[in-house]
Amino acid sequence: ATPSDRTKTERELRKDFMRSKKDGAELLLTRTARPQRNHSDRNRKNVNSRDFLNFPPCGSIQRLNTVASLKFICRATAPSEPPAHPVLARALPSRYIRRVSPEEQLAVLTAGAAKVLSEKELLEKLRLGRPLRVKLGVDPTAPDIHFGHTVALEKLRQFQELGHQAVLLIGDFTATIGDPSGRSATRPPLTRDEVLANAETYTDQAFKILDKEKTEIVYNGDWFRKMSYDDILRLNSRVTLQQMLQREDFRNRIEAGQEIRLHELQYPIMQGWDSVEIRADVELGGTDQLFNILVGRDFQKEEGQPQQVVIVMPLLEGLDGTRKMSKSYGNYIGVSDEPQDMFGKLMSVSDELMDRYYLLLLGEARDPSGHPMEAKKSLAEKLTGRYHGEAAGNDARATWEARFSQRDVGAGATGLAISSLPADLNVLLLAAHCFKEAFGLEKSNGELRKQFITSGSVQLNGEKLTDAAAAVSIQSGDVLKLSKKHAVKFV
RNA sequence: GGGUAGAUGCCCGAGUGGCUAAAGGGGGCAGACUGUAAAUCUGCUGGCUAACGCCUACGCUGGUUCGAAUCCAGCUCUGCCCA
């Protein structure tokens, strides 16, 4: 809000609003950062704190206490916004947004965090009244970001919505080392080209969550590539080996008799230096990042900078429910997974894990009174909708229900041209062809025979095809089920 | 630099001359049951083959042998202990 906005009367604000109503937004007013008013204003009806002034076509008057509810209303009233994350500031003319008090911000920003170091420091920084520089470092070690990454990205978005400066650090340099955090083995090295390619898709996907316009992107190669050996030694001299070896992941590897390469020890040092270069006020990360982030605090102190506040988010368990979600474990849900895939993966998680997902991905607790399956469908629908649009979320749910609840194998089946089929068709050839053409899966004949055909997994229009050598003929509209998760419909 | 232990299938791990495509476990895949949940149960889990069988595979290279994951030599890599 500009200073002049703060002194505007409600009437003036209403007038402004009506004028700019084409934005499709609603007028929302929350408590001003500076409640004190000029005495000359006393006679004028000032915009009251916390009042939510409602305009047609809305209807009801509500009271807003938190940013979370504020956000909710914005989403509900701006249906034309892109599905993923209509950012508050984009949905509303910025001049109508009043600053949220530091205390309220604190409550929102620390929600769901595994650890905040410290809330007191964070509050002090929030009270400075300037946008904070909030760092989130990502290593483009894999091209896709998954739901595990989004936990911290969501937190970063909350900062962004409150008017703080999101700084997305692409660890193009550090990625070639590989973060040893939480690792039980040395990471395979990546080439620079791989890293750059990954970084690109990575940021594209991150902007499904963050507001691109308001995000500062930095590459740590920009400074690390310029450093001399002198500089590196100077940095290294500030950290002791004992400190490094305190780390649980290193200790475990030593105890387990596994190698630790020296370059892996550099990782926390580099990540720490990133914070100095960025002049971060806050750094976000997973709990496994705590040590690395703390190194950043040390460096900042030695450089005479204010120390960053540490906010670490819990690690999201992957689909197996035990190990953390990770590309390399293959237990992840990618942000760019197809809607049907995403929905299906979410439905396959255990009930226990569903509660975690509710908490960390939706930021809410599951209603324990409902049926777990309903709750899971709702979770899957919401998350699918978040990344693909509400309509896609609804679609995915409808297809899923038709296919699995009502056992309609054809629903959601992948279409396949009947003309692409080879001549002299038998069951084995048909299954191999469909796996390859529709899903890109190469199955050996033995596997097809043993797993899919003999077991009765392969079914044509509901009829089991258990003889691999039997001839089949396919007609348009036939549905071939290959497995629980794979079916094709011929066109 | 010295000593010592080791390298087996997707992973862990047993195997110390033929009965070994290699025990067992994990993971994965398919099926049953379900809420495509979890748990549980069953089957499969190097490739080709209808099958007999053939090919490929126990770090690399070479050797001994009718026959080598297994014995020998050299090499590469790793752990641990000492310096």
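Letters A, B, ... are given to chains in the order of the sequence lines, protein chains preceding strands, and every chain is numbered from 1. No hydrogens, no waters, no symmetry mates; every other heavy atom, side chains included, goes into these values.
The distance from atom CZ of A:Arg323 to atom P of B:C12 is 13 Å, rounded to the nearest whole Å. Summarising the geometry, the separation between CG on A:Leu429 and P on B:A50 is reported as 11 Å, rounded to the nearest angstrom. Here the C1' atom of nucleotide B:A50 and the CD1 atom of A:Ile453 are 13 Å apart, to the nearest Å. Separating the NZ atom of A:Lys443 from the C1' atom of B:G47 is a distance of 15 Å, rounded to the nearest angstrom. A:Leu465 places its CG atom 16 Å from the C1' atom of B:G31, with the value rounded to the nearest Å. Rounded to whole Å, atom P of B:A38 lies 15 Å from atom CG of A:Asp355.
A:Arg157 and A:Glu161 are joined by a salt bridge, as a carboxylate oxygen and a charged side-chain nitrogen come within less than 4.0 angstrom of each other.
Shown here, B:C44 forms a base pair with B:G28; the pair counts as Watson-Crick or G-U wobble because both key distances fall under 3.5 Å. Pairing for B:U64 is absent, judged as Watson-Crick or G-U wobble with the two contacts each under 3.5 Å. Judged by Watson-Crick or G-U wobble contacts below 3.5 Å, the nucleotide B:A5 has B:U78 as its partner.
Remark: the A:Asp230 side chain and the A:Ser228 side chain contain no N/O donor-acceptor pair separated by less than 3.5 Å. Side-chain polar atoms of A:Thr215 and A:Gln160 form a donor-acceptor pair below 3.5 angstrom.
Aromatic ring orientation, A:His486 versus A:Phe439: perpendicular (interplanar angle above 60°, classes split at 30° and 60°).
Checked against B:C33, B:C29, B:G35, the side chain of A:Glu447 finds its nearest nucleotide in B:C29. Distances from the side chain of A:Ser457 to the nucleotides B:U49, B:A30, B:C29 place B:A30 closest.
Taking CE from A:Met244 and CG from A:Leu265, the interatomic distance works out to 6.0 Å, rounded to the nearest 0.5 Å. If you take CG on A:Asp204 and NZ on A:Lys212, they are separated by 6.5 Å, rounding to the nearest 0.5 Å.
Nucleotides B:G24 and B:A5 are separated by 24 Å at their C1' atoms, to the nearest Å. Across the P atoms, B:U61 and B:C48 are found 25 Å apart, a figure rounded to whole Å. As rounded to the nearest Å, B:A83 and B:G18 have P atoms that lie 43 Å from one another. Separating the P atom of B:C54 from that of B:A68 is a span of 15 Å, rounded to the nearest Å. Annotation: B:A7 and B:G15 have their C1' atoms spaced 15 Å apart (nearest Å).
A cation-pi contact, defined as under 6.0 Å to the ring centre and within 45° of the axis, links A:Arg238 to A:Phe299.
The shortest distance between the side-chain N/O atoms of A:Arg449 and the OP1/OP2 oxygens of B:A50 is below 4.0 Å. A:Ser483 has a side-chain polar atom (N or O) that falls below the 4.0 Å cut-off from OP1 or OP2 of B:A30. Under 4.0 angstrom from either OP1 or OP2 of B:G47 there lies no side-chain N or O belonging to A:Asn445. Residue A:Ser444 places at least one side-chain N or O closer than 4.0 Å to OP1 or OP2 of B:C48.
For B:G43, its base sits under 3.5 Å from the side chain of A:Gln451 at one donor and acceptor pair at least.
At a threshold of 4.0 angstrom between heavy atoms, the contacts of A:Lys450 are confined to the sugar-phosphate backbone, with no base atom among them. Residue A:Phe404 is in base contact, counting any heavy-atom pair closer than 4.0 Å across all strands shown.
Within residues 343-351 of chain A, the residues approached by RNA chain B to less than 4.0 Å at the level of any non-hydrogen atom are A:Gly344, A:Met347, A:Ser348, A:Val349, A:Ser350, A:Asp351, in residue-number order.
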